[in-house]
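Everything on this sheet refers to the single structure shown next.
What you see is a predicted model, and the numbers here were worked out from it, not measured in a lab.
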Amino acid sequence: MNKKKIINDPVYGFVSIPSGFIFDLIQHPYFQRLRYIKQVSMTHMVYPGALHTRFQHVIGAMHLMQLAIDTLRSKGVLVSDEEEEAALVAILLHDIGHGPFSHSLEHTLIEGVSHEVISSMLMDRLNVEFGGKLTLAITIFNDKYPRRFLHQLVSSQLDTDRMDYLNRDSFFTGVSEGVISFDRIIKMLAVKDDELVVEAKGIYSVEKFLIARRLMYWQVYLHKTVVGAEQMLIKALKRAKELSNQGYDLFATQALQHFLKNKVNADNFTTEESHLNWFTKLDDTDIMSAIKSWVNHEDKILSTLCSKLMRRDLFRTELRSQDFSEEEIAMVRDKAKQHFDLSEAEVDYFVYHQTIYNSAYSADKEPIKIINNKGKLLDIAEASDLSNLEALSKKVVKYALIYPKELGFVEDGITFNFE
């Protein structure tokens with residue numbers, strides 16, 4: 001069978017699958033599942049074009065990894081064929097542990113287990129299945145390989161993962177602020193003492209990358225309507241789990257039933273193999289088929305949440321820099337309790353108070369290093385003459401209050417006025 005395939009990617013054009021082994025990994029059911037998991041969850045509720053998938057993203061990230069390795073080789077960095085394939089496999093599989101709706105439901109179906117942990121578990125499984133051929137890729141993924149620049153290309157503050165999702169999410173949402181000069185950044189990459197660095201003449205492209213990341217978070221990933229829609233989805237699944245535990249018979253696929261009926265968490269997920277088996281059968285379609293069915297469920301809370309999601313009758317989200325007072329939250333909760341005839345505990349399904357954090361560049365993490373023409377290394381925050389780069393490294397905190405539109409609105413972000 002000819003495994004030298006070419007994928008026509010809307011962002012980069014033709015992307016080559018570089019080896020038969022990588023083709024076999026892409027064909028594996030664990031990987032094909034990513035075709036049915038949206039990259040940016042509920043963002044399509046605001047930007048209708050944002051229906052691209054994790055599958056597209058990891059293929060794109062693999063393509064950027066290939067370009068990065070080609071660039072480093074052209075500058076005299078020795079990368080063996082084995083290291084190259086391992087790095088490509090590591091970036092290709094870095095998101096294989098994502099569940100339905102990506103980050104939105106990450107701790108809803110399985111409490112306390114991140115997608116990175118699940119990715120690592122699935123890579124270990126694949127390594128057994130493929131006779132140890134992923135060993136080096138796993139070593140690079142886990143940052144245990146001495147040539148650290150390979151891991152940094154997979155996971156760092158300037159990696160091929162971030163470069164692709166900013167570029168791709170900008171493309172599919174139509175938000176031009178996220179467009180980055182990925183090709184320029186990649187051409188400026190270099191290696192010093194087995195660490196990834198950026199040549200000084202690429203500093204402006206990196207600055208633009210950091211600014212684009214900040215803008216994309218507030219304009220797309222943490223858009224207030226997206227935040228509200230994600231919370232509605234989370235609460236619908238939480239209610240379904242609660243009802244299932246009470247003995248209600250809810251429609252769900254076998255895979256989803258497993259997670260509705262069983263308490264799956266950090267304590268048992270890694271020790272009971274059945275949980276991971278069922279997880280690999282889950283994708284967005286399991287959730288959406290259930291949501292469509294639950295619209296008609298006898299439980300008014302579940303049916304209300306699901307019918308509103310299906311109609312895009314989304315809750316209102318008030319987002320501001322100053323936290324909401326206990327009096328304001330209590331006022332909204334009381335109004336919801338009266339309007340929907342809810343108990344005190346049931347109000348939690350209709351009124352949510354959330355704290356949102358975001359920083360484009362984390363100064364306390366491994367910094368992005370700039371190398372000048374004298375070979376000296378500088379943190380980009382130190383090397384940049386951009387006055388607001390230091391501000392980008394500060395964690396921005398905002399507060400959200402999410403509630404049904406029927407309850408009224410916030411005037412000037414301060415006083416609640418109800419209809």
Side-chain angles (χ1 to χ4, degrees), residues 12 60-92 94 136-137 139-167 178-214 216 359-394:
Y12 306 119
M62 179 191 72
H63 174 66
L64 297 186
M65 176 67 80
Q66 183 72 74
L67 295 180
I69 289 173
D70 288 346
T71 293
L72 296 179
R73 280 175 168 166
S74 72
K75 296 178 181 182
V77 179
L78 297 177
V79 180
S80 70
D81 291 343
E82 183 186 16
E83 288 172 326
E84 176 187 18
E85 186 172 70
L88 293 172
V89 168
I91 192 65
L92 193 68
H94 80 280
L136 182 54
T139 304
I140 291 171
F141 179 79
N142 291 328
D143 198 13
K144 299 292 176 61
Y145 194 60
R147 308 193 75 191
R148 291 205 63 241
F149 70 90
L150 293 170
H151 171 77
Q152 290 170 314
L153 286 170
V154 175
S155 180
S156 66
Q157 296 201 76
L158 189 66
D159 56 32
T160 52
D161 172 27
R162 294 185 183 192
M163 279 188 241
D164 180 80
Y165 77 61
L166 286 175
N167 224 23
V179 175
I180 60 168
S181 305
F182 72 92
D183 45 356
R184 170 76 174 171
I185 293 172
I186 287 174
K187 290 294 184 185
M188 294 299 105
L189 294 178
V191 171
K192 182 176 176 62
D193 299 328
D194 282 329
E195 298 278 340
L196 192 68
V197 298
V198 182
E199 294 175 4
K201 55 190 175 182
I203 192 170
Y204 301 117
S205 298
V206 177
E207 289 173 349
K208 184 174 184 296
F209 164 85
L210 294 174
I211 293 169
R213 189 164 184 264
R214 176 180 179 273
M216 284 292 284
S359 61
Y361 177 67
S362 299
D364 55 342
K365 290 184 179 178
E366 185 177 53
I368 297 173
K369 295 283 186 68
I370 303 296
I371 186 168
N372 63 21
N373 53 13
K374 296 180 180 178
K376 184 181 179 182
L377 293 179
L378 299 170
D379 184 325
I380 188 169
E382 182 185 357
S384 173
D385 57 5
L386 194 64
S387 60
N388 66 347
L389 190 61
E390 187 176 341
L392 289 177
S393 66
K394 293 180 180 177

Return the [atom1] to [atom2] distance between [X] and [Y], rounded to the nearest 0.5 Å.
X: Ile69; Y: Leu153; atom1: CD1; atom2: CG; result: 7.0 Å
X: Phe182; Y: Thr160; atom1: CZ; atom2: OG1; result: 12.0 Å
X: Lys365; Y: Ser156; atom1: NZ; atom2: OG; result: 10.5 Å
X: Ser205; Y: Asp183; atom1: OG; atom2: CG; result: 8.5 Å
X: Arg147; Y: Asp194; atom1: CZ; atom2: CG; result: 5.5 Å
X: Thr71; Y: Lys187; atom1: OG1; atom2: NZ; result: 4.5 Å

Taking all non-hydrogen atoms of both residues, which atom of [X] and which atom of [Y] are closest, and how far apart?
X: Ile180; Y: Leu166; answer: CG2-CD1, 4.2 Å
X: Ala137; Y: Ala86; answer: CB-O, 3.3 Å
X: Gln157; Y: Phe209; answer: O-CE2, 3.3 Å
X: Ile91; Y: Ala61; answer: CG1-CB, 3.6 Å
X: Val197; Y: Lys192; answer: CG2-N, 4.3 Å
X: Ala90; Y: Ile140; answer: CB-CG2, 4.4 Å

Donor-acceptor pairs under 3.5 angstrom involving side-chain atoms of residues 366-383: please list them, not counting sequence neighbours.
residue : atom : partner : partner atom : Å
Glu366  : OE1  : Gln152  : NE2          : 3.3
Glu366  : OE2  : Arg148  : NH1          : 2.5
Glu366  : OE2  : Arg148  : NH2          : 3.2
Glu366  : OE2  : Gln152  : NE2          : 3.1
Asn372  : OD1  : Lys374  : N            : 3.0
Asn372  : OD1  : Gly375  : N            : 3.1
Asn372  : OD1  : Lys376  : N            : 2.8
Asp379  : OD1  : Tyr361  : OH           : 2.9
Asp379  : OD1  : Ala381  : N            : 2.9

Counting N and O atoms only, with roles assigned by atom type, does the side chain of [X] sit under 3.5 Å from a partner on the main chain of [Y], one being a donor and the other an acceptor?
X: Arg73; Y: Val79; value: yes
X: Lys75; Y: Leu189; value: yes
X: Ser359; Y: Ser362; value: no

May I ask you to test the [X]-[Y] pair for a side-chain heavy-atom distance under 4.5 Å?
X: Lys144; Y: His151; result: no
X: Tyr165; Y: Arg213; result: yes
X: Leu67; Y: Tyr12; result: no

For this session: For Asp161, check side-chain hydrogen bond (donor to acceptor under 3.5 Å, both in side chains) against everything at least two apart and list the hits.
Result: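 Here the qualifying residues are His57, His94.
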For this session: Run the numbers on Met188 and Val206 for side chain to side chain contact (heavy atoms under 4.5 Å, CB included), then give the verdict.
Result: CA-CA 10 Å; Met188 294 299 105; Val206 177; over 6 Å; no
For this session: Evaluate side chain to side chain contact (heavy atoms under 4.5 Å, CB included) for Gln66 paired with Glu84, printing each intermediate quantity in order.
Result: CA-CA 8 Å; Gln66 183 72 74; Glu84 176 187 18; 2.5 Å; yes
